[in-house]
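See below for the structure under consideration.
For clarity, every value in this text was computed on a predicted model and none was experimentally measured.
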Amino acid sequence: MKQSLLAILFFVGAVGLTACGGSAPATATTTTETEVGAETSGDAEALAADEKTEIIYGKSQGPYTELFEAAIIPILEEQGYTLKGIDFSDLQTADVGLNDGDVDVNVEQHTAYCENFNANYNGDLVPISPIPTVPAGVYSVNHETLEEIPDGAKVAVPNDASNTARCYLMLQKIGWITLDENADSAAVTQDDIVENPHHIEFTEMKSLTIPAAIQDFDYVAITGSVVYNAGIDASTALANEDIQDHLILQVVVKEANKDASWAKAIVDAYHSDEFKQYMETNNDGLWWIPEELQ
């Protein structure tokens, strides 16, 4: 009797263990289905973003947005895209809007500015194609040549970091100053000037205010977009910068969108024969064009 009872208990326990063991796959199956569902949902969202046909771009006052609207938008519209511009008062605000997803793309900044924004605002913006760039230049209404520079000359330069650096590099190029050879070329400041034979007095000020004050200085160093917006004839520049790679203007999007079909369509438009023809017809010397777009 005892042996029979033990046998029965052993049988029941074995069945119980088998049932517990069998329950694990059911739980795993449920978890897997949930994960698959999430992945499927994420893939669907990515696909929807990739296949969208409305492109929202950050719109600024200046040559780069105007070039985009005049030459690139018609190409995209021929491919079935619709485009909508949202105005921004300055590039920092425009990048915040791009980073937050309020717009899809902007065409107003070079790589150095983009990297600086990402570092300071925890951004994930990426350049995906170079575009034509208006170089910085040296201008004057008080002197006709660079050689006329007087001792103690007053020179205005932009006060925003990346453009300050590019203008000091330009002044070194023309022989007015010498910069510390160990300085970061993308971030040089007045403190990196090791030789100033003309005893130049530099005033760093907002780029947009320099043209209005041009008569107060012997020379001014200003970026191309400011030249354009101020209506200054770019051909009157007494010198122009050598545009370094990190100063070439770029198409910029969020990293998650860099491989989207619409982003690739923008890149292709800048590399198209139609755009090359547009630049051949409409470039009066204002634009420096990257080799890959020529």
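- Using a 4.5 Å heavy-atom cutoff, the side chains of Ile149 and Ile200 are in contact.
- The only member of Trp287, Tyr228, Tyr57 that meets ring pair (Phe, Tyr, Trp, His ring centres under 6.0 Å) when paired with Tyr64 is Trp287.
- In this structure, Ser140 contributes its side chain and Asn142 its backbone to a donor-acceptor pair below 3.5 Å.
- A donor-acceptor pair shorter than 3.5 Å can be found between the side chains of His199 and Asp151.
- Checked by atom type and distance alone, the side chain of Glu108 never pairs as donor or acceptor with a backbone atom of Leu91 at under 3.5 Å.
- For Lys154 and Asp218, the salt-bridge test fails: no basic side-chain N is under 4.0 Å from an acidic carboxylate O.
- Between Asn240 and Pro135, the shortest heavy-atom distance links the atoms ND2-CG, 4.0 Å.
- Val134 places none of its side-chain heavy atoms less than 4.5 Å from the side chain of Trp288.
- Taking a 6.0 Å sphere around CD of Gln244, one finds it holds more than 12 heavy atoms contributed by other residues, nucleotides or ligands.
- A continuous path of ILVMFWY side-chain contacts below 4.5 Å connects Val138 to Leu169, so both sit in one hydrophobic cluster.
- Under the 4.5 Å side-chain heavy-atom criterion for grouping Ile, Leu, Val, Met, Phe, Trp and Tyr, Ile174 is connected to Ile177 within one hydrophobic cluster.
- Side-chain atoms of Thr65 come within 3.5 Å of backbone atoms of Ser60 as a donor-acceptor pair (strictly under, hydrogens ignored).
- Thr203 places no side-chain N or O within 3.5 Å of a backbone atom of Ala156 that could act as its donor or acceptor partner.
- Side-chain heavy atoms closer than 4.5 Å link hydrophobic residues (I, L, V, M, F, W, Y) into clusters, and following such links, possibly through other members, connects Ile55 to Ile72.
- For the pair Thr93 (side chain) and Ser89 (backbone), a donor-acceptor distance under 3.5 Å is absent.
- Annotation: side chain of Lys59 is not in contact with side chain of Phe88 (no heavy-atom distance under 4.5 Å).
- Annotation for Glu181: atom CD does not count as buried by contact number, only 12 or fewer foreign heavy atoms lying within 6.0 Å.
- Ion pairing between a basic and an acidic side chain is recognised when a charged N comes within 4.0 Å of a carboxylate O; Lys206 and Asp160 show no such pairing.
- Heavy-atom contacts from other residues, nucleotides or ligands closer than 6.0 Å to CG of Asn120 number more than 12.
- Around atom CD of Glu144, no more than 12 heavy atoms belonging to other residues, nucleotides or ligands sit under 6.0 Å away.
- Residues Thr82 and Glu77 are not in side-chain contact: their nearest non-hydrogen atoms beyond the backbone lie 4.5 Å or more apart.
- Nearest heavy atoms, Ala187 versus Ala165: N-CB, 3.9 Å.
- In this structure the side chain of Val105 never reaches within 4.5 angstrom of the side chain of Val252, judged on heavy atoms.
- A single hydrophobic cluster is seen to contain both Val251 and Phe68, as judged by linkage of ILVMFWY side chains at heavy-atom distances under 4.5 Å, directly or through other members.
- Closest approach of Val107 and Ile131 over heavy atoms only: O-CD1, 3.7 Å.
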| field | CA sep, side-chain torsions, deciding dist, call: Glu204, Tyr168, side chain to side chain donor-acceptor pair (under 3.5 Å) | value | CA-CA 11 Å; Glu204 296 182 0; Tyr168 282 135; 2.7 Å; yes

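- Between Asn118 and Leu125, the shortest heavy-atom distance links the atoms ND2-O, 2.9 Å.
- Inter-residue side-chain proximity for Pro63 and Asn229 is flagged as met; some heavy-atom pair is nearer than 4.5 Å.
- Note on ring orientation: taking the six-membered ring where Trp is involved, the planes of Phe275 and Tyr270 are perpendicular (angle over 60°, cut-offs 30° and 60°).
- Heavy atoms from other residues, nucleotides or ligands lying under 6.0 Å from CD of Gln294 number more than 12.
- For Thr53 (side chain) and Tyr81 (main-chain N/O), no donor-acceptor pair under 3.5 Å exists by modelled atom type.
- With no hydrogens or angles considered, no side-chain donor-acceptor pair links Asp233 and Thr236 at under 3.5 Å.
- Atom CG of Asp184 is surrounded by more than 12 heavy atoms from other residues, nucleotides or ligands within 6.0 Å.
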| request: In sequence, state the C-alpha distance, the side-chain angles, and the governing distance for Asp104 and Lys52, and then conclude on salt bridge (Lys or Arg N to Asp or Glu O under 4.0 Å). | output: CA-CA 11 Å; Asp104 300 313; Lys52 73 173 192 166; 2.6 Å; yes

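- At least one side-chain heavy atom of Met170 sits under 4.5 Å from a side-chain heavy atom of Cys167.
- For Gln172 (side chain) and Leu179 (main-chain N/O), a donor-acceptor pair under 3.5 Å exists by modelled atom type.
- Between Asp124 and Asn99 the shortest side-chain heavy-atom distance falls below 4.5 Å.
- Residues Pro132 and Leu293 approach most closely at CD-CD1, 3.7 Å, considering heavy atoms.
- Ile243 and Leu286 are not part of a single hydrophobic cluster, where members link through side-chain heavy atoms under 4.5 Å apart.
- Note that CD1 of Ile266 is 9.5 Å distant from CD1 of Ile73, once rounded to the nearest 0.5 Å.
- No donor-acceptor distance shorter than 3.5 angstrom exists from the side chain of Asp100 to the backbone of Asp102, with no hydrogens or angles considered.
- By the 30° and 60° cut-offs, the orientation of the rings of His110 relative to Tyr113 is perpendicular.
- Residue Pro130 comes nearest to Gln250 through the heavy atom pair N-OE1, 3.3 Å, listed as atom of the first residue, atom of the second, then distance.
- Between Asp242 and Lys173, at least one side-chain N (NZ, or NE/NH1/NH2) sits under 4.0 Å from a carboxylate O, which counts as a salt bridge.
- A donor and an acceptor atom, one from each side chain of Glu280 and Asn283, are nowhere located under 3.5 Å apart.
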